[in-house]
Amino acid sequence: MQYEGTVYRPPSEAHSLIMQITIGCSHNQCSFCSMYKNKRFRIRKLEEVLRELEEARNCYGRIKRIFLADGDGLICKTDYLKEVLTKIKTLFPECERVGIYSSPQSILNKSLEDLIQLRELGLGMTYLGVESGSNQILEEIHKGVTAEQMIHAGRKIIMSGINLSVTLISGLGGRMHWQEHAIASAHVINAIKPQYLGLLTLLLEPGVPLEEKVRKGEFQLLTPIEVLKETKLLLENLSVEYCIFRSNHASNYIPLQGTLPADQQRLIRQLEAAIEANGPYDEYFRSL
Ligand code: SF4
């Protein structure tokens with residue numbers, strides 16, 4: 001396998017065979033994201049990808065999961081993706097799930113019939129960065145879609161029968177908009193009803209546009225206690241029938257995991273306890 005540049009994958013794809021079908025991100029404009037800034041987006045040649053899948057078959061034993069990287073693999077034409085999925089089915093009959101990153105734009109560009117066909121060929125999971133449910137925040141971070149379009153995209157995936165894992169970013173509204181960020185994000189999740197919800201905490205690499213705003217004093221980062229309060233407000237406003245919730249990434253201040261709504265009150269109590277225990281240090285964090 002010949003990987004190009006840094007390869008990112010969701011935590012749940014840690015044991016998957018990673019196959020780059022795109023290089024970089026087709027959008028690549030989000031103001032907080034540094035992941036693909038040094039890559040010029042392109043879709044890899046289909047023959048190259050099919051050949052690498054054959055090579056992988058010769059190198060590896062049982063493959064249970066395959067993840068199609070880089071950012072926004074769903075932007076590829078449906079016929080291209082059908083060829084890749086058909087090849088995977090032929091070469092790796094033991095593969096239980098193929099996952100892919102998608103952008104709201106690439107989902108909206110596909111018809112429901114296209115998505116159903118991809119699901120029938122083995123596409124079992126798509127990962128969507130919702131980031132925030134607030135239209136103001138989505139605009140400020142240059143996500144390129146509104147909350148309404150995000151809901152439409154997420155619902156389309158759910159209707160196609162492909163599992164949907166979405167991420168939100170704690171702290172993305174800064175100190176000015178943390179309440180709006182929590183409540184509007186809960187509203188979007190309630191409308192989409194994804195099977196999985198992951199929470200990351202805003203971490204800014206030097207040089208990304210949002211980090212420059214922080215340096216100029218135009219955006220105030222939340223303290224760890226404020227992030228916990230925001231997460232609590234989010235959880236208090238979530239109303240889903242069944243959703244696996246994870247906030248246990250290295251960026252998160254306390255590890256939270258559970259199934260909503262069954263574990264919702266326990267998670268809120270866990271947050272309350274952490275806020276109470278660490279509240280006295282909030283002034284110290286503010287002074288950093
Ligand atoms: S957050 Fe996602 S869509 Fe935005 S630039 Fe980064 S990889 Fe691309």
**Q** Return the minimal non-hydrogen interatomic distance between G122 and K89, and the atom names on each side.
**A** N-CE, 4.4 Å
**Q** Shared ILVMFWY cluster between I75 and I23, side chains joined below 4.5 angstrom?
**A** no
**Q** Taking atom NZ as the centre, does K37 end up with more than 12 heavy-atom neighbours from other residues, nucleotides or ligands that are less than 6.0 angstrom away?
**A** yes
**Q** May I have the step-by-step check of side-chain contact (heavy atoms from CB on, under 4.5 Å) for I169 and T167, ending in yes or no?
**A** CA-CA 7 Å; I169 302 189; T167 47; 5.7 Å; no
**Q** Under the criterion side-chain contact (heavy atoms from CB on, under 4.5 Å), I'd like the reasoning laid out for R175 against T223: C-alpha separation, chi angles, the key distance, then a yes or no.
**A** CA-CA 9 Å; R175 202 164 279 155; T223 64; 3.6 Å; yes
**Q** Look at E13 together with R65 and state whether they make a salt bridge at an N to O cut-off of under 4.0 Å.
**A** no
**Q** State whether the number of non-hydrogen atoms from other residues, nucleotides or ligands found under 6.0 Å of E272 atom CD is greater than 12.
**A** yes
**Q** Determine yes or no for a side-chain-to-main-chain donor-acceptor pair under 3.5 angstrom, with K110 supplying the side chain and K156 the backbone.
**A** no
**Q** Applying the side chain to side chain contact (heavy atoms under 4.5 Å, CB included) test to L199, which of N248, V166, T231, V227 qualifies?
**A** T231
**Q** Considering residues at least two apart in sequence or located in another chain, which fulfil the salt bridge (Lys or Arg N to Asp or Glu O under 4.0 Å) criterion with R62?
**A** E96
**Q** Scan side-chain atoms only and decide if D263 and Q257 contain a donor-acceptor pair under the 3.5 Å cut-off.
**A** no
**Q** Keeping the roles fixed (side chain from Q149, backbone from T146), state whether a donor-acceptor pair exists under 3.5 Å.
**A** yes
**Q** Consider side chain to side chain contact (heavy atoms under 4.5 Å, CB included). Of L164, I157, T126, which one does P194 pass it with?
**A** L164
**Q** What are the two closest non-hydrogen atoms of G171 and L222, and how far apart are they?
**A** CA-CD1, 3.8 Å
**Q** Using the rule that Ile, Leu, Val, Met, Phe, Trp and Tyr join whenever any side-chain heavy atoms are under 4.5 Å apart, tell me whether L233 and L267 fall into a single cluster.
**A** yes
**Q** Would you please say whether a donor-acceptor pair under 3.5 Å links the side chains of N190 and S239?
**A** no
**Q** For residues V130 and S185, determine if any side-chain heavy atom of one lies less than 4.5 Å from a side-chain heavy atom of the other.
**A** no
**Q** Supply the atom-to-atom distance E131 CD to C33 SG, rounded to the nearest 0.5 angstrom.
**A** 8.0 Å
**Q** Counting C-beta onward and ignoring hydrogens, is there a side-chain heavy-atom pair between F245 and L256 closer than 4.5 Å?
**A** yes
**Q** Treating T90 as the side-chain partner and T86 as the backbone partner, does any N or O pair qualify as donor plus acceptor under 3.5 Å?
**A** yes
**Q** Following the transitive rule for hydrophobic clusters with a side-chain heavy-atom cut-off under 4.5 Å over Ile, Leu, Val, Met, Phe, Trp and Tyr, establish whether V188 and L108 coincide in one cluster.
**A** no
**Q** Less than 4.0 angstrom from a charged side-chain N to a carboxylate O is my criterion; do R44 and E52 meet it?
**A** yes
**Q** Taking the side chain as everything from C-beta on, heavy atoms only, tell me whether I21 gets closer than 4.5 Å to M19.
**A** yes
**Q** Can you sort out the partners of S251 under side-chain hydrogen bond (donor to acceptor under 3.5 Å, both in side chains), two or more places apart, ordered by chain and number?
**A** H249
**Q** Quick one: pull up CG in L197 and SG in C243 and give me the separation to the nearest 0.5 Å.
**A** 5.0 Å
**Q** Using the salt bridge (Lys or Arg N to Asp or Glu O under 4.0 Å) rule, take R215 and E211 through it: C-alpha gap first, then chi angles, then the decisive distance, then the call.
**A** CA-CA 6 Å; R215 275 194 280 119; E211 189 255 350; 3.1 Å; yes
**Q** Verify ring-ring contact (aromatic ring centres under 6.0 Å, His included) between Y36 and Y8, making sure each step is shown before the conclusion.
**A** CA-CA 9 Å; Y36 303 111; Y8 297 90; 5.4 Å; yes
**Q** Check the hydrophobic clustering (I, L, V, M, F, W, Y; side-chain heavy atoms under 4.5 Å; chains of links allowed) and say if L123 and L17 are grouped together.
**A** yes
**Q** Please assess Y80 against V49 for the test side-chain contact (heavy atoms from CB on, under 4.5 Å), listing each intermediate value before the final yes or no.
**A** CA-CA 10 Å; Y80 177 110; V49 172; 3.5 Å; yes
**Q** Got M35 and D70 here, is their nearest side-chain heavy-atom distance under 4.5 Å?
**A** no
**Q** Does the gap between the ring centers of Y196 and Y127 come in under 6.0 Å?
**A** no
**Q** Does Q264 reach the main-chain N or O of L235 with its side chain, forming a donor-acceptor pair under 3.5 Å?
**A** yes
**Q** Taking 4.0 angstrom as the limit, do R57 and E94 come out as a salt bridge?
**A** yes
**Q** Between L228 and L203, is there a shared hydrophobic cluster once you connect ILVMFWY residues whose side-chain heavy atoms come closer than 4.5 Å?
**A** no
**Q** On a heavy-atom basis, which atom in C30 and which in K143 lie closest, and how many Å separate them?
**A** SG-CD, 3.8 Å
**Q** Provide the closest heavy-atom pair for I254 versus A274 in the form atom of the first, atom of the second, distance.
**A** CD1-CB, 3.9 Å
**Q** Is V214 close to V208 at the side-chain level, that is, under 4.5 Å between some pair of heavy atoms?
**A** no
**Q** In Å and rounded to the nearest 0.5 Å, what is the CG to CZ distance from L200 to R246?
**A** 13.5 Å
**Q** Surrounding NE2 of H187 (heavy atoms of other residues, nucleotides or ligands, distance under 6.0 Å), is the total greater than 12?
**A** no
**Q** Taking atom types as modelled, find out whether S103 and H27 have a side-chain donor-acceptor pair closer than 3.5 angstrom.
**A** no
**Q** More than 12 non-hydrogen atoms from neighbouring residues, nucleotides or ligands closer than 6.0 Å to CD on E205, yes or no?
**A** no
**Q** Return the minimal non-hydrogen interatomic distance between A147 and L138, and the atom names on each side.
**A** N-CD1, 3.5 Å
**Q** Picking from I107, L118, I116, what satisfies side chain to side chain contact (heavy atoms under 4.5 Å, CB included) with S160?
**A** I116
**Q** For L128 and M150, run side-chain contact (heavy atoms from CB on, under 4.5 Å): C-alpha distance rounded to whole Å, both residues' side-chain angles, the deciding distance at 0.1 Å, then the answer.
**A** CA-CA 9 Å; L128 172 66; M150 193 70 85; 4.3 Å; yes
**Q** To the nearest 0.5 Å, how far apart are CG in L115 and OG1 in T78?
**A** 7.5 Å
**Q** Inspect the surroundings of CE in M176 and state if more than 12 heavy atoms from other residues, nucleotides or ligands are less than 6.0 Å away.
**A** no
**Q** Is any side-chain heavy atom of R155 closer than 4.5 Å to a side-chain heavy atom of K193?
**A** yes
**Q** Within the side chain of S247, is there an N or O that forms a donor-acceptor pair under 3.5 Å with the backbone of P255?
**A** no
**Q** Given side chains that start at C-beta, do those of L112 and M159 come closer than 4.5 Å, heavy atoms only?
**A** yes
**Q** Backbone N or O of S134 within a donor-acceptor pair of the S132 side chain at under 3.5 Å?
**A** yes
**Q** Between W178 and E226, is there a side-chain heavy-atom distance shorter than 4.5 Å?
**A** no
**Q** Could you go through the salt bridge (Lys or Arg N to Asp or Glu O under 4.0 Å) check for E236 and K232 one step at a time?
**A** CA-CA 6 Å; E236 285 167 346; K232 179 172 169 274; 2.9 Å; yes
**Q** If you look at every heavy atom in A186 and L234, which pair is closest and at what distance?
**A** N-CD1, 3.7 Å
